[in-house]
Undergrad: 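Input: one structure, supplied below.
All chains are named by letter (A, B, ...) in the order of the sequence lines, taking the proteins before the strands, and each is independently numbered beginning at 1. All values below come from the heavy atoms of this structure, side chains included, with hydrogens, waters and symmetry mates left out. Quick caveat, the model's predicted, so the values are computed rather than measured.
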Amino acid sequence: MKKIFLTAVQVAFLYFFAIVGNLIVKLLHLPISGSIVGLFIVLALLRFNVLKLSKVELGASFLMSEMLLFFIPSAVAIIQYKDQILAHGSQFLMVIVLSTITVMVVTGLVAQFYVHKFAKKKKEV
Amino acid sequence: MLIAMGCVLMTVVVYWLSKIIYKKVRIALLSPLLVAPCILSSTLVGFHIDYSDYDSGGRWLSNLLQPAVVGFAVPLYKFRKVLRKYLKVILISMTTGVCIALLSSGIFSHLVHLENNYLLSLLPRSITTPIAIAVSADIGGMPTMTAIFVIVTGISGLILGPAIIRYFNIREKLARGLLLGMGAHGAGTSKALEFGSEEGAAASLAMVLAAIFTLVFAPILTPIILM
């Protein structure tokens with residue numbers, strides 16, 4: 001019970017930083033989203049020991065493990081675009097699937113290649 | 001208000017059930033992100049419920065994505081030493097990933113003969129929704145369509161990512177995390193967290209960097225893609 005309460009409080013706390021981030025984005029007309037600004041604020045606070053990890057860890061791990069739930073309403077939104085989907089759905093799907101495969105394969109292989117190269121260099125030194 | 005709460009409850013219950021099914025069968029194609037929206041949208045269509053009514057409650061859940069993104073500060077902080085050590089590798093991989101994402105979306109759109117307004121809406125599809133929408137508007141796409149493409153990318157990446165990792169024998173935790181966060185934004189990051197917390201940290205960073213890099217590269221590469 002105490003854990004549920006703590007998690008809820010920490011989620012609210014993280015929400016607060018997202019709201020602060022949104023305000024900053026609005027005030028400074030930044031091109032990025034408020035939640036990413038909020039992420040950097042929390043990261044900085046953790047880094048400079050203003051904020052203890054234990055004050056956000058429970059809430060963060062709850063939100064991250066249930067993250068798919070938060071995507072579901074936007075996925076349901078697809079039903080609003082019946083006409084476009086019927087007309088071009090297979091083309092959209094083909095582009096998205098092929099491009100996602102390309103991106104993931106290239107990113108993964110490039111990263112793995114450089115990690116190995118980096119490790120070898122370290123050994124030689 | 002009552003309808004909104006009912007929609008939240010329905011979404012949570014359907015999500016919870018589809019998660020149980022997924023845990024039992026472990027088939028990637030039965031991801032809760034594919035199964036739950038299918039059940040929910042057929043329910044809406046079947047009972048003639050307007051999406052706008054559904055979203056009056058659905059929005060509460062979508063909004064929780066914001067603190068979830070803030071929460072990525074935790075894995076980033078925990079693994080800051082590893083991430084700093086590999087900063088150069090990360091920057092090279094992410095620059096490559098972002099350019100490939102934009103170019104391949106453009107090239108494949110050309111190949112399947114999509115009109116330019118759809119092509120432009122597809123370009124920023126691999127990054128997190130709020131920024132993808134902003135990029136889409138900036139380069140002349142349709143933000144609402146982009147939001148749909150982002151979510152379909154998330155579902156695709158969630159299903160394809162683990163298969164790609166296996167097939168191409170990606171063993172490095174960093175590479176696994178980067179490809180999931182780069183290819184499928186937050187959805188990929190949640191999958192990376194299933195692999196492990198180090199993969200999750202790499203994916204969180206990839207998601208953030210992909211968004212920022214796309215802001216920079218999309219306006220530069222768009223005229224080249226349209227040529």
Undergrad: Rounded to the nearest 0.5 Å, how far does OG of B:Ser41 lie from NZ of A:Lys82?
TA: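 A:Lys82 NZ to B:Ser41 OG: 11.5 Å, rounded to 0.5 Å.
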Undergrad: Out of curiosity, A:Leu30 CG to B:Leu215 CG, how far, rounded to the nearest 0.5 Å?
TA: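 Answer rounded to 0.5 Å: 10.5 Å.
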Undergrad: For residues A:Val105 and B:Tyr167, determine if any side-chain heavy atom of one lies less than 4.5 Å from a side-chain heavy atom of the other.
TA: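 No, their side chains stay 4.5 Å or more apart.
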Undergrad: In terms of heavy-atom pairs under 4.5 Å, which option from B:Trp60, B:Tyr77, B:Trp16 contacts chain A the most?
TA: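 The option with the most such pairs is B:Tyr77.
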Undergrad: Given that the side chain runs from C-beta out, which part of B:Leu178 has a heavy atom under 4.5 Å from chain A: side chain, backbone, both or neither?
TA: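 Contact with chain A is through both the backbone and side chain of B:Leu178.
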Undergrad: Is it the backbone or the side chain of B:Leu61 that comes under 4.5 Å from a heavy atom of chain A, or both, or neither?
TA: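 Contact with chain A involves both backbone and side-chain atoms of B:Leu61.
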Undergrad: Report yes if the side chains of A:Leu68 and B:Lys19 come closer than 4.5 Å at any heavy-atom pair, otherwise no.
TA: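 In short, these two side chains do not touch, never coming nearer than 4.5 Å.
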Undergrad: Considering only heavy atoms, which portion of B:Thr144 lies under 4.5 Å from any heavy atom of chain A: side chain, backbone, both, or neither?
TA: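 Backbone plus side chain of B:Thr144, per the 4.5 Å heavy-atom cut-off to chain A.
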Undergrad: Identify which part of A:Tyr15 has an atom lying under 4.5 Å from any heavy atom of chain B, answering side chain, backbone, both or neither.
TA: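 Interface part for A:Tyr15: both.
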Undergrad: Below 4.5 Å, heavy-atom pairs only: which of B:Gly97, B:Gly183, B:Ala68, B:Gly58 has the largest tally toward chain A?
TA: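 Answer, by heavy-atom pair count under 4.5 Å with chain A: B:Ala68.
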Undergrad: Which atoms of A:Val97 are under 4.5 Å from chain B, going by heavy atoms: the side chain, the backbone, both sets, or neither?
TA: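 Both parts, heavy atoms under 4.5 Å.
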Undergrad: Specify the closest pair of heavy atoms between A:Leu43 and B:Ala73, including all atoms of both residues, with the distance to one decimal.
TA: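 Here A:Leu43 and B:Ala73 meet closest at CD1-O, 3.5 Å.
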Undergrad: Name the option with the most non-hydrogen atom pairs under 4.5 Å to chain B; the candidates are A:Ile101, A:Ile85, A:Val106.
TA: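 If we count pairs closer than 4.5 Å to chain B, A:Ile101 comes out on top.
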Undergrad: With a 4.5 angstrom heavy-atom cut-off, which part of B:His110 approaches chain A: side chain, backbone, both or neither?
TA: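 Neither part.
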Undergrad: Answer whether the closest heavy-atom distance between the side chains of B:Ile100 and A:Thr107 falls below 4.5 Å.
TA: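 Contact flag for B:Ile100/A:Thr107 side chains = no.
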Undergrad: Identify which part of B:Lys85 has an atom lying under 4.5 Å from any heavy atom of chain A, answering side chain, backbone, both or neither.
TA: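 Interface part for B:Lys85: both.
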Undergrad: Would B:Arg125 and A:Thr100 satisfy side chain to side chain contact (heavy atoms under 4.5 Å, CB included), going step by step from the backbone distance to the final call?
TA: CA-CA 9 Å; B:Arg125 53 158 199 90; A:Thr100 299; 3.3 Å; yes
Undergrad: Taking atom CZ of A:Phe118 as the centre, report whether more than 12 heavy atoms of other residues, nucleotides or ligands fall under 6.0 Å from it.
TA: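 Enclosed.
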Undergrad: So, for B:Ala36 and A:Ile72, which heavy atoms are closest and what is the spacing to 0.1 Å?
TA: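 For B:Ala36 versus A:Ile72, the nearest heavy atoms are CB-CD1, 3.6 Å.
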Undergrad: Which atoms of B:Leu44 come close to chain A, meaning under 4.5 Å heavy atom to heavy atom: side chain ones, backbone ones, both, or neither?
TA: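 Answer is side chain: those atoms of B:Leu44 sit under 4.5 Å from chain A.
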Undergrad: Against chain B, work out which of A:His116, A:Arg47, A:Glu57, A:Glu66 has the most heavy-atom pairs shorter than 4.5 Å and name it.
TA: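 Between A:His116, A:Arg47, A:Glu57, A:Glu66, the count favours A:Glu66.
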Undergrad: What's the shortest heavy-atom distance between B:Pro37 and A:Val76, and which atoms?
TA: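 Heavy atoms only, the tightest pair is CA-CG2, 3.9 Å.
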Undergrad: Side chain from CB out, backbone as N, CA, C, O: work out which of these in A:Ile79 comes under 4.5 Å of a heavy atom of chain B, or both, or neither.
TA: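 For A:Ile79, side-chain heavy atoms alone lie under 4.5 Å from chain B.
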Undergrad: Quick check on B:Ala202 against chain A: is it the side chain, the backbone, both or neither that has a heavy atom closer than 4.5 Å?
TA: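 Contact with chain A involves no heavy atom of B:Ala202 at all.
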Undergrad: Do A:Leu98 and B:Leu111 pass the side chain to side chain contact (heavy atoms under 4.5 Å, CB included) test, and can you show the C-alpha distance, the side-chain angles, and the key distance before you say yes or no?
TA: CA-CA 11 Å; A:Leu98 290 175; B:Leu111 286 178; over 6 Å; no
Undergrad: Sort A:Gln80 into side chain, backbone, both or neither according to what part of it lies under 4.5 angstrom from a heavy atom of chain B.
TA: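 When you check distances to chain B, only side chain atoms of A:Gln80 fall under 4.5 Å.
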Undergrad: Quick check for you: to the nearest 0.5 Å, what is the distance between B:Phe168 atom CZ and A:Met104 atom CE?
TA: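 Those atoms lie 12.5 Å apart.
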Undergrad: Measuring only between side-chain heavy atoms, which start at C-beta, is A:Val103 closer than 4.5 Å to B:Ser104?
TA: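 Yes - at least one pair of side-chain heavy atoms lies under 4.5 Å apart.
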Undergrad: Could you pull out the closest heavy-atom pair between B:Pro67 and A:Val11, with the gap in Å?
TA: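 Minimum heavy-atom separation between B:Pro67 and A:Val11: CB-O, 4.1 Å.
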Undergrad: Is any side-chain heavy atom of B:Leu64 less than 4.5 Å from a side-chain heavy atom of A:Leu69?
TA: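 No. Closest side-chain heavy atoms not under 4.5 Å.
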Undergrad: Can a donor-acceptor pair be found, under 3.5 Å and without considering hydrogens, that links the side chain of A:Gln112 to the backbone of B:Glu172?
TA: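 Between the backbone of B:Glu172 and the side chain of A:Gln112 there is a qualifying donor-acceptor contact (under 3.5 Å).
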Undergrad: Check whether B:Ala211 gets within reach of chain A through its side chain, its backbone, both or neither, counting any heavy atom under 4.5 Å.
TA: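 When you check distances to chain A, only side chain atoms of B:Ala211 fall under 4.5 Å.
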Undergrad: In Å, rounded to the nearest 0.5 Å, how long is the span from CD of B:Gln66 to CG of A:Leu63?
TA: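 Going from CD on B:Gln66 over to CG on A:Leu63, the span is 11.5 Å.
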Undergrad: Which atom pair, heavy atoms only, marks the closest approach of A:Gly108 to B:Ala175?
TA: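 Heavy-atom minimum between the residues: O-CB, 3.6 Å.
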Undergrad: At a heavy-atom distance under 4.5 Å, which candidate from B:Leu34, B:Leu40, B:Asn63 has the highest pair count against chain A?
TA: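 Between B:Leu34, B:Leu40, B:Asn63, the count favours B:Asn63.
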Undergrad: Do B:Lys88 and A:Tyr114 have side chains that get closer than 4.5 Å, going by heavy atoms?
TA: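 In short, these two side chains do not touch, never coming nearer than 4.5 Å.
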Undergrad: Can you check whether B:Leu114 reaches A:Val95 side chain to side chain, under 4.5 Å on heavy atoms?
TA: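 A side-chain contact exists here, since the closest heavy-atom pair is under 4.5 Å.
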Undergrad: Under a plain distance cut-off of 3.5 Å, with no hydrogens placed, do B:Tyr118 and A:Gln84 share a side-chain donor-acceptor pair?
TA: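 Distance-only check fails for A:Gln84 and B:Tyr118.
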Undergrad: Where does B:Tyr54 contact chain A at under 4.5 Å (heavy atoms): side chain, backbone, both or neither?
TA: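 Only the side chain of B:Tyr54 comes within 4.5 Å of chain A.
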Undergrad: Which atoms form the tightest heavy-atom contact between A:Ser99 and B:Ser105, and what is the distance?
TA: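 In this case the closest contact between A:Ser99 and B:Ser105 is OG-OG, 3.2 Å.
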Undergrad: So do A:Phe40 and B:Val208 actually touch side chain to side chain, heavy atoms under 4.5 Å?
TA: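 Yes, side chains in contact.
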Undergrad: Heavy-atom pairs under 4.5 Å with chain A - which of B:Asp55, B:Val45, B:Leu122 has more of them than the others?
TA: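 Most heavy-atom pairs within the cutoff with chain A belong to B:Leu122.
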Undergrad: Step by step, work out the side chain to side chain contact (heavy atoms under 4.5 Å, CB included) result for A:Phe71 and B:Ile155.
TA: CA-CA 10 Å; A:Phe71 282 111; B:Ile155 299 169; over 6 Å; no
Undergrad: Heavy-atom distance under 4.5 Å to chain B: side chain of A:Met64, backbone, both or neither?
TA: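 Both parts, backbone and side chain.
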Undergrad: Can you tell me which portion of B:Asn169 sits under 4.5 Å from chain A's heavy atoms? Options are side chain, backbone, both or neither.
TA: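 Just its backbone gets close to chain A.
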Undergrad: Is B:Arg171 in contact with chain A via its backbone, its side chain, both, or neither, using a 4.5 Å heavy-atom distance?
TA: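 For B:Arg171, backbone and side chain are both near chain A.
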Undergrad: By a 4.5 Å heavy-atom criterion (distance strictly below it), what part of B:Leu158 contacts chain A: side chain, backbone, both, or neither?
TA: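 The answer is the side chain of B:Leu158.
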Undergrad: Go through the atoms of B:Ile170 and report whether side chain, backbone, both or neither lie under 4.5 Å from a heavy atom of chain A.
TA: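 Answer is both: backbone and side chain atoms of B:Ile170 are under 4.5 Å from chain A.
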Undergrad: Looking only at heavy atoms and a cut-off of under 4.5 Å, which of A:Leu93, A:Leu53, A:Val56 has the most pairs with chain B?
TA: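 Counting heavy-atom pairs under 4.5 Å, the top option is A:Leu53.
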Undergrad: Output the option from A:Phe17, A:Tyr81, A:Phe113 having the highest count of non-hydrogen pairs under 4.5 Å with chain B.
TA: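 Of the candidates given, the most pairs with chain B belong to A:Tyr81.
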Undergrad: Is chain B contacted by the side chain of A:Gln10, its backbone, both, or neither, given a heavy-atom distance below 4.5 Å?
TA: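 Neither the backbone nor the side chain of A:Gln10 comes within 4.5 Å of chain B.
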Undergrad: For A:Ser65, is it the side chain, the backbone, both or neither that has a heavy atom under 4.5 Å from a heavy atom of chain B?
TA: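 Answer is backbone: N, CA, C or O of A:Ser65 sit under 4.5 Å from chain B.
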Undergrad: Heavy atoms only, distances under 4.5 angstrom: which of B:Ser52, B:Ser109, B:Gly154, B:Ser126 has the most pairs with chain A? Name it, please.
TA: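 It is B:Ser109.
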Undergrad: Which bit of B:Ile164 comes within less than 4.5 Å of chain A, counting heavy atoms only: side chain, backbone, both or neither?
TA: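 Just its side chain gets close to chain A.
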Undergrad: Taking B:Arg59, B:His113, B:Met145 one by one, which has the highest count of heavy-atom pairs under 4.5 Å against chain A?
TA: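 The candidate making the most pairs under 4.5 Å is B:Met145.
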Undergrad: Please walk me through it: do B:Phe72 and A:Met67 pass side chain to side chain contact (heavy atoms under 4.5 Å, CB included)?
TA: CA-CA 11 Å; B:Phe72 285 136; A:Met67 195 155 68; 3.5 Å; yes
